[in-house]
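Working notes, structure below.
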Amino acid sequence: QVQLVESGGGLVQAGGSLRLSCVVSGRTFSSDAMGWFRQAPGKERDIVGRIRWSSGATWYADSVKGRFTISRDNTKKTLYLQMNSLEPEDSAVYYCAAGPSPSDYAGRWPYWGQGTQVTVSS
C-alpha cells in the first residue's frame, strides 16, 4: 500500500501562484510513477501532469504547460506541483496519484490522496 497526503490548496486571485505538496509513504518502491489530477464540479478527473520518480521525467497537459511544474524531493518523499499564472479555469480539487507506470487515465492509478481544493478568483 502507498499513502498520499496532499496539502497547499487555497484561495488565490487570478495571476497568482500556489504550491501543492503530496507526502508519500508506504510501499513506495512499487510506485515509480506519480501524477497530479484535478476535478472540477460536474466534470471528470483530468490529468494535470506526471513524473517518473526515478528519472524525474515529466509530462504536462497542454492546458497547464508552461505554467505548472512538477518536482519531487527524494529525501522528503514529497511531490510538488508549482502552479503559476493561475486562471479561474484552474479551480478544482487537486489530487496526487501513484502507480507502477504512468497513464493519462485516472482509472489506471491505484493510489490516491484525499485531494486539496484550489479556488482561483477572477
Next item on the list: Measure across Ala33 and Ser101 and return the closest heavy-atom pair with its distance rounded to 0.1 Å.
Entry: CB-C, 3.5 Å
Check: Of all heavy-atom pairs between Leu18 and Leu86, which one has the smallest distance, and what is that distance?
Finding: N-CD1, 3.9 Å
Margin query: Under 4.5 Å between side-chain heavy atoms, counting indirect links through other Ile/Leu/Val/Met/Phe/Trp/Tyr residues: same cluster for Ile51 and Tyr60 or not?
Written below: yes
Notebook entry, point to check: Closest approach of Arg52 and Ser55, non-hydrogen atoms and distance?
Noted result: CB-OG, 3.3 Å
Note to self: Would you say that Pro110 contacts Ser31 through its side chain, given a criterion of any heavy-atom pair below 4.5 Å between the two side chains?
What the structure shows: no
Next item on the list: Answer whether the closest heavy-atom distance between the side chains of Val23 and Lys77 falls below 4.5 Å.
Entry: no
Margin query: Tell me whether the rings of Tyr94 and Phe68 are parallel (<30°), tilted (30 to 60°) or perpendicular (>60°).
Written below: tilted
Check: Shortest non-hydrogen contact from Gly115 to Glu6?
Finding: N-OE1, 2.8 Å
Next item on the list: Calculate, to the nearest 0.5 Å, the distance between atoms CZ and CE belonging to Arg50 and Met34 respectively.
Entry: 13.5 Å
Check: Looking at the rings of Phe37 and Trp109, which for Trp means the six-membered one, are their centres under 6.0 Å apart?
Finding: yes
Margin query: The test is side chain to side chain contact (heavy atoms under 4.5 Å, CB included); show your working for Arg67 and Asp90 and say whether it passes.
Written below: CA-CA 11 Å; Arg67 300 188 298 123; Asp90 296 317; 2.8 Å; yes
Note to self: Working to the nearest 0.5 angstrom, can you tell me the gap between Ser122 OG and Glu87 CD?
What the structure shows: 12.0 Å
Margin query: If you compare all heavy atoms of Leu4 against all heavy atoms of Cys22, which two are closest, and at what distance to 0.1 Å?
Written below: CB-SG, 3.9 Å
Next item on the list: Using the side chain to side chain contact (heavy atoms under 4.5 Å, CB included) rule, take Ser17 and Gln82 through it: C-alpha gap first, then chi angles, then the decisive distance, then the call.
Entry: CA-CA 7 Å; Ser17 298; Gln82 177 66 44; 3.9 Å; yes
Next item on the list: Check the hydrophobic clustering (I, L, V, M, F, W, Y; side-chain heavy atoms under 4.5 Å; chains of links allowed) and say if Met83 and Ile47 are grouped together.
Entry: no
Notebook entry, point to check: Any side-chain heavy-atom pair from Leu81 and Arg38 closer than 4.5 angstrom?
Noted result: no
Notebook entry, point to check: What about Trp36 and Val12, same hydrophobic cluster or not, with Ile/Leu/Val/Met/Phe/Trp/Tyr joined at side-chain heavy-atom distances under 4.5 Å?
Noted result: yes
Notebook entry, point to check: Roughly how far apart are Thr78 OG1 and Arg72 CZ, rounded to 0.5 Å?
Noted result: 12.0 Å
Note to self: If hydrophobic clusters are built from ILVMFWY residues whose side chains come within less than 4.5 Å, do Tyr95 and Leu79 share one?
What the structure shows: no
Notebook entry, point to check: Given the rule that I, L, V, M, F, W and Y join up when any side-chain heavy atoms are under 4.5 Å apart, are Tyr111 and Tyr80 in one cluster?
Noted result: no
Checklist line | Non-hydrogen atoms of Ala92 and Gln117 that approach each other most closely | finding: O-NE2, 3.4 Å
Check: Under a 4.5 Å cut-off applied to non-hydrogen side-chain atoms, are Trp59 and Ile70 in contact?
Finding: no
